[in-house]
Amino acid sequence: MMISKRAMTWMAVFVRVVLQVLLIAVGLSMLVVLSGRLGLPTVIHGGHTYTNANLIAPYHSDYSGFVGGLINDDWVLMGTVTLGVRVILISLQLVQLGLIACLLWLGVRFFSRIAQAEVFTRANARLLITAGYVGLVNVGLHELVLPWLTRWLLATFTPATLGGGMSFNPFLPLTAVFGVLIMGYVFAYGVSLQEETEGLV
Amino acid sequence: MIVVHLDEMMARRKVKGVDLAAAIGITEANLSILKNERAKAIRFSTLAALCQALDCQPGDLLAYVPDE
């Protein structure tokens, strides 16, 4: 089935707007996290277990108000929520949100170009390849680096430690990331082929 | 460089651009690109159609001139 140019433009505009809304939401989340409203799944302190606590009120029993984001579901923080703990956990969440914002921004730029009927261009290929590698870094950080780094930082520099399970399930995001990378390289190859036939009569 | 003598051949055969473009199945814009030496490449099928329409050989249309 052929998709008309008009339909493709509208679809691209729709996706771009969705990505822009998500980008704004991520930006707001970053501000909220920066101000200390970060969700903690479980905090064990002074013989009590608190669930769904957030950093501004670490021993509160549940969420109240707007919270930036819940960090890893499996984590259990044991010990006092000191300033050091807050800085480490907020930084972790900011890095993750920053990378997501970066991916969304690349997506907005890509779909803006598609909406202007600029599809097979070198710039689009570059955007896709960049998004693929940023996604790869994101998966690596989220699944491997940050969980270990956070545990080490908390154990070394604060009185608190991080318990709970360590999950490792990068396969679905990796599939998406490699999909984007393959698409990027296919675009780049297509653009080269197109350039070779330019000026052919 | 390759020099295109399409202009002279068309004048010799008294063929207009619009008619030649229609005869060989390319657009006038592309024929103009070819005539004005702005084309980077030519398909064998286009060259064959030009030779047939103008009753000439490829050598009558194209010539190699060494670069300075």
Side-chain angles (χ1 to χ4, degrees), chain A residues 1-16 105-134 178-201, chain B:
Chain A
M1 189 182 78
M2 278 283 288
I3 302 174
S4 72
K5 203 171 172 179
R6 196 189 177 94
M8 195 185 76
T9 303
W10 278 110
M11 280 192 281
V13 169
F14 175 73
V15 177
R16 189 193 67 194
W105 179 69
L106 289 170
V108 168
R109 283 187 59 193
F110 179 75
F111 282 100
S112 298
R113 286 168 185 277
I114 301 277
Q116 288 163 8
E118 292 173 25
V119 184
F120 295 106
T121 62
R122 212 158 266 285
N124 277 354
R126 210 178 302 125
L127 278 174
L128 281 173
I129 291 170
T130 308
Y133 282 113
V134 171
F178 282 118
V180 172
L181 270 177
I182 288 168
M183 227 165 78
Y185 282 110
V186 167
F187 261 61
Y189 186 65
V191 170
S192 299
L193 286 179
Q194 193 173 276
E195 281 174 359
E196 270 180 29
T197 57
E198 261 174 14
L200 174 67
V201 177
Chain B
M1 64 180 287
I2 298 293
V3 180
V4 182
H5 296 302
L6 188 58
D7 257 352
E8 294 113 83
M9 192 51 73
M10 282 170 66
R12 218 177 289 165
R13 297 283 188 264
K14 296 187 175 64
V15 179
K16 285 184 188 165
V18 59
D19 299 327
L20 184 60
I24 64 173
I26 65 171
T27 62
E28 269 191 89
N30 273 342
L31 188 68
S32 167
I33 287 170
L34 194 57
K35 239 172 26 174
N36 298 322
E37 296 180 5
R38 281 185 284 118
K40 288 182 189 161
I42 182 167
R43 287 191 182 87
F44 281 156
S45 58
T46 308
L47 189 58
L50 277 171
C51 290
Q52 189 184 20
L54 297 171
D55 188 25
C56 63
Q57 290 297 313
D60 299 326
L61 296 171
L62 307 171
Y64 171 69
V65 177
D67 287 323
E68 287 301 307

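So that the names make sense, note that chain A is the first sequence line, chain B the second, and so on, each numbered from 1.
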**Prompt:** Do other residues, nucleotides or ligands put more than 12 heavy atoms under 6.0 Å from the CD atom of B/Q57?
**Reply:** no
**Asked** Can you tell me how far CZ of B/R43 sits from CG of A/L200, rounded to the nearest 0.5 angstrom?
**Response** 4.0 Å
**Message:** Atom CD of residue position B/E8 - does it have more than 12 heavy atoms of other residues, nucleotides or ligands inside 6.0 Å?
**Reply:** yes
**Fill in**
Per-residue tally against chain A (heavy atom, under 4.5 Å) across B/N30, B/I42, B/L47 peaks at B/I42
**Item:** 4.5 Å side-chain heavy-atom contact, B/I26 and A/V201
**Value:** yes
